[in-house]
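Written out below as structure tokens is the structure these notes cover.
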Amino acid sequence: MTQTGINGAPAKSPPKLPTWLGLLLADKFATVAVIFLCLVAIAALIGPALLDGVASKVAFRGRNLAPFQLDHGWLMILGSDSLGRPILARIIVAAQNTMMIAAFTVVAASCIGAALGLVAGYSRKFLSDAILRLADVIMSFPSLLLAVIVLYMLEPAVGNLVIVLAITRIPVYLRTTRAEVLEIRERMFVQAAKVMGASSWRIAFVHILPMVLPTLLTIATLDFAFVMLAESSLSFLGIGIQPPEVTWGLMVAQGRPYMNQAWWLSFWPGLFIVLTAMSLNLVSNWLRIVLDPTQRWRLEKRRETTNG
Amino acid sequence: MGRFVLKRSLFSLVSLFGLLVLVFFLSRLTGDPAALYLPVDAPQSVRDAFREARGLNDPLISQFGDFLFNLAQFDFGDSLRRQRPAFDVVMEAFPWTLGLAGLTMALVLSGAVVLGALAAIKVGGVFDRISSVISLAAASAPDFWLALMAIFIFAVGLGWVPTSGTGTPWHWILPVAVLFVRPFGLVLQVVRSSMITALSSAYVKTARAKGVKQRAITFVHALRNAMLPVITVAGDQAAGLLNGAVVVESVFGFPGVGKLMIDSILQRDFTVVLAAIMVTSLAIFTMNLLIDLAYALLDPRIRY
Amino acid sequence: MKLSNLAWAMMVSAVAIVPAAAQDNQSVNVVLTEVLDVIEPCMAARSDVGRVVLQNINETLTEYAPAESALKPRLATEWSQIDEDTWEFKLREGVKFHDGSAFDPADIAFSIDRNKNAALGCETGGKYFGGMEFTTEAIDDTTIQITSTPASPILPLLLSVMPIQPESDPADTFTTNPIGTGPYKLVSWDVGQSLVVERNPDYWGEQPVVTGATYVFRTDAAVAAAMVQAGEADIAPNIAVQDATNPDTDFSYPNSEMSALRIDSMLPPFNDRRVREALNLAIDRDAMIGTIFAAGVEKATQQVPPSTIGFNHDLQPWPYDPDRARALLAEAKADGVPVDTEIEMIGRINIYPNATEVMEGIQSMLLDVGFNATLQMYDVGEWNRYFVKPFPEPRAPNLVQVQHDNAKGDPVFTAFVKHHTDGSHSAMSVPEVDDLITRATAASGDERKALWEEMFAKVNDEYIADVPLFYMVGFSRVGPRLDFKPTIATNSELQLAQIGFK
């Protein structure tokens, strides 16, 4: 990393660990977001082992209990669902499936999409056209049809759900990356690197990718929420998560018929989806400032004022 | 430019044909339409006779040949379910979808660009924080939730607008408002993100050093460069709307193409699925072409 | 914000005002929860088509009144059996179709042929006339003889499901402009949006009170209910139990549906009667009433509702006895029955309200007594593969979530398909039952009744072919200005002529 910093590529070496913590604490929003994400991660790791029995205990007569009552135990604080199961326990147990599906989908779609987009944007030849038309085809192919086809050809499984969701999300990363590359590759520093004899691969991955990353991260964090909700719309085909397994998206969808008299059924899991997406977005914004030497002073200054 | 459009259109025709072949053969892997069309109590003899009469027993490749032959005469064939020309069925629905998508995206782009740019000027400021929270919540809210809430509050509770249906401009208010929310949140965040990059880049600094006014820098110089990813993401959202806003269409009773496509897929009404995909993908291909042309317009250094 | 500006601009400039339900006229607005994609009369056995077409636009020869368990005259005034396989029908005189042409025996022959046309795939023909051939002979302008092979002792009842269409209808495509003899005629059909009918001034019978109707389609039942509440519609015949919250406007009615789980009794461990009994004893039906099932449902004992001829009143609903279920399982296990085998529960999303919750609830009860049950919920396309023969291989022992509708008063529409070895939904093979079905189908009068009763005793008590759940109810929301009470028939038809005003 010996490049000049004017275009946002890191010039100084990245900050060390204690500094990381300091920089994090300097941004109150990011701190809260990280704490929330840690809680979600803990729930995803140990939730199912801890609460699985409680979360799937059906009690017909205790259905749709309103939230904020403690007479049925602390697990009922968010109310109970249409089969009388505690919503809080279900949200905790569901974190694992939800996070697994969303993370795999978003990571797979963004990596494949970005890689193809870099190639498409950087090569001016036939290859670029072929990749883009492939993206057009994927964009026009209804995800439901894809899901039905996958369901008929393969066994219903969570992995197939990820495949369906990831394929449908590839085009947006691909096209966004390519759009950015088209602009960036004309910039001075890329031209300079080219003149100095850097290979196309090096230019694409070392010089251009870091410039594209912030936009991709923004889309990815928002896609996280989208995937969590979209996943449930496919489970009705029989593909993916099946009861008694549960995800936040499925909880939201199952609350739909009760919106008029038991709003909490879909509200709480929906809130967790929003909070998770928001936390990821805040953390990625913070990370972006930390990694950008032209912006980092904002946090350092804030830290100094709070410390001093 | 002209050569580019021509070449691009040819490429698109090829991929359209590829899509056609793909959908034709893959969709036929998804089960027997006769089993779904006929009543579940229908005996096997009735099923067999129906399959025979509808040509569903012919080899797939000869079915495809027949289909291409008819398509050459602009005939997609009849809808199995409706027993009317599939293309007519789709063209009844498509204008509604186009209307919803167009109106929604126009509002989204104008709203998100202004607010996103304002948010990017002072990163971490109050306005930035508030707009982030709102747009993230908007982008993550389930559409059925918004749609039903909107009906309960504005139509049943307050009586300001009709609950659902079509017929007057009033009927468009709730569906468009609900459709607006998610793309608005997403595009706003992308505008903000890519504006931050643009505002910290060398040419903006140069402009600033030259004494160009802040407002001019933001809305002319930086925005112009930031628009590339923005219109790309907006295009992705528009494609989603063109493929059909299924939930909004079914909740508000809008006879659009999304609901039609879902129903036809679930009913294995292949001719309608094919006709619908051909129409919507033509719209999406055209839109992507326009977006690529817009790249060159926004950034003169990009040439085709 | 821009949106609200635009919204206000649209409100101010809009010429048309929100169409309130017309309070001063005698026309009604009906909101249906399925989008009508065809209005072909031969599809009227499908409830969404039937609600619009049946007895409003197109009429039938006979009409079954479930409340009285009686067959009434409609376009035929009387009928009699000539010999074993032939019936003679006297037709009502002076009946005209909406296009002015006279109703005569040729129209009946045309309608029967149409229903048997394989290329059309008519719902009525496929559902009720499968495996039967008909010949007709016009004796004079108002008399027709109909012969069926095989002979049917209940031919007049069978014909109560077939709307009569004029000969002028297209023979090999669906009509989009149905012409009938009914009290209402079609004015316009705006596909996907609305359908309008108006009173037929030349109707042969009494002129109904309602002058016309506009049907609109909302797939979301909550929205349909909201439309009646907001005064935009007068009646929503089919809303969800969750939305039926207002006792003044919301009525429940038995909808002739019966819910059950079909046991695949051919495969171990379900080929052991004790295991099938344990399944039934493991389910707490009482706890499901008024919670995930509506409060008005009745515990079921057999596949047909109690109003059916040959319903066996001696059969009792299964009690909830998990201890006995565990004991039966232990007993079977001791005899070498593989009771630990994984059993698949195959559910269908939205087969009835709360379908998924029902299956989740039952799964948890089955797990509780020691069954190794897994659950898969499918949409209708995938579910069909498990429901209708040939079943997908390799086959695992399964329980399929089913619902069956027989509002026609005779078990013949149920027994063969559900319980005969060759029935397309049957997962059982008992020669005695097969024999009873064959004999009952050919019998008539008291003998028929006794044979059906014996068959149900065999199937549901001696053999235990399924897990009966409930006789179901549906809900309608009726606007305050209408005088209308939904009945068991509301599930398949909505006769505008039966609606009055307060």
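Here the structure is a predicted model, which means the values were calculated and not measured. Order of the sequence lines sets the chain letters (A, B, ...), proteins ahead of strands, with each chain counted from 1.
Contacts of Ile277(B) with chain A are made by side-chain atoms alone, with heavy-atom separations under 4.5 Å and no backbone atom involved. Looking at Asp136(A), the atoms closer than 4.5 Å to chain B (heavy atoms on both sides) sit in the backbone and in the side chain alike. Heavy-atom distances place both the backbone and the side chain of Phe11(B) under 4.5 Å from chain A. For a residue to count as touching a neighbouring chain, one of its non-hydrogen atoms must lie under 4.5 Å from one of that chain's; by this rule Ile265(B) touches chain A with the side chain only. Within the 4.5 angstrom heavy-atom criterion, atoms from both the backbone and the side chain of Met278(A) approach chain B. Neither the backbone nor the side chain of Ala283(B) comes within less than 4.5 Å of any heavy atom in chain A. If you measure heavy-atom distances from Thr215(A) to chain B, the contacts under 4.5 Å come from both the backbone and the side chain. Only the side chain of Leu282(A) comes within less than 4.5 Å of a heavy atom of chain B; its backbone N, CA, C and O stay farther away. With a 4.5 Å cut-off on non-hydrogen atoms, Pro171(A) does not touch chain B at all. For Val133(B), the parts lying under 4.5 angstrom from a heavy atom of chain A are both the backbone and the side chain. Proximity to chain A (any heavy atom under 4.5 Å) is shown, for Asn288(B), by both the backbone and the side chain. Proximity to chain A (any heavy atom under 4.5 Å) is restricted, for Ile284(B), to the side chain, taken from C-beta onward. Contact annotation for Met149(B): both backbone and side-chain heavy atoms come within less than 4.5 Å of a heavy atom of chain A. Of the two parts of Ala137(B), the backbone and the side chain both hold a non-hydrogen atom closer than 4.5 Å to a non-hydrogen atom of chain A. Proximity to chain A (any heavy atom under 4.5 Å) is restricted, for Arg268(B), to the side chain, taken from C-beta onward.
Counting heavy-atom pairs closer than 4.5 Å to chain A, the top residue among Val14(B), Val233(B), Thr30(B) is Thr30(B). Ranked by heavy-atom pairs under 4.5 Å with chain B, the list Ile273(A), Asn285(A), Ile219(A) is led by Asn285(A). Taking Leu222(A), Leu271(A), Asp223(A) one by one and counting their heavy-atom pairs under 4.5 Å with chain B, the maximum is reached by Leu222(A). If you tally non-hydrogen atom pairs under 4.5 Å between each of Val273(B), Leu16(B), Leu19(B), Leu22(B) and chain A, the highest count goes to Leu19(B).
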Audit row: Leu26(B), Leu145(A), side chain to side chain contact (heavy atoms under 4.5 Å, CB included) steps and yes/no | CA-CA 9 Å; Leu26(B) 285 180; Leu145(A) 181 59; over 6 Å; no

Take Leu136(B) and Val274(A) through the side chain to side chain contact (heavy atoms under 4.5 Å, CB included) test and state the conclusion after the steps.
-> CA-CA 7 Å; Leu136(B) 282 160; Val274(A) 173; 5.7 Å; no

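Contact annotation: the side chain of Asp236(B) approaches that of Met139(A) to within less than 4.5 Å [non-hydrogen atoms, C-beta and beyond]. Looking at heavy atoms from C-beta onward, Gln189(B) lies out of side-chain contact with Thr221(A) at the 4.5 angstrom threshold. Using a 4.5 Å cut-off on side-chain heavy atoms (C-beta onward), Arg178(A) and Asp292(B) make contact.
Here the shortest heavy-atom pairing between Val252(A) and Phe144(B) reads O-CZ, 3.4 Å. Closest approach of Tyr295(B) and Arg175(A) over heavy atoms only: OH-O, 4.1 Å. The minimum heavy-atom distance between Phe141(A) and Val23(B), with the atom names listed, is CE1-CG2, 3.5 Å. Taking both residues in full, the closest heavy atoms of Thr176(A) and Thr232(B) are given as N-CG2, 3.4 Å, listed atom of the first, atom of the second, then distance.
One distance of note links CZ of Arg192(B) with OG1 of Thr218(A); it measures 7.5 Å at 0.5 Å rounding. To the nearest 0.5 Å, atoms CG (Leu216(A)) and OG (Ser193(B)) are separated by 9.0 Å.
Ser140(A) and Ser281(B) share no side-chain donor-acceptor pair at under 3.5 Å.
For Phe29(A), the CZ atom counts as loosely surrounded, since its 6.0 Å shell holds 12 or fewer non-hydrogen atoms of other residues, nucleotides or ligands. Around the CH2 atom of Trp145(B), the shell of radius 6.0 Å holds no more than 12 heavy atoms that belong to other residues, nucleotides or ligands.
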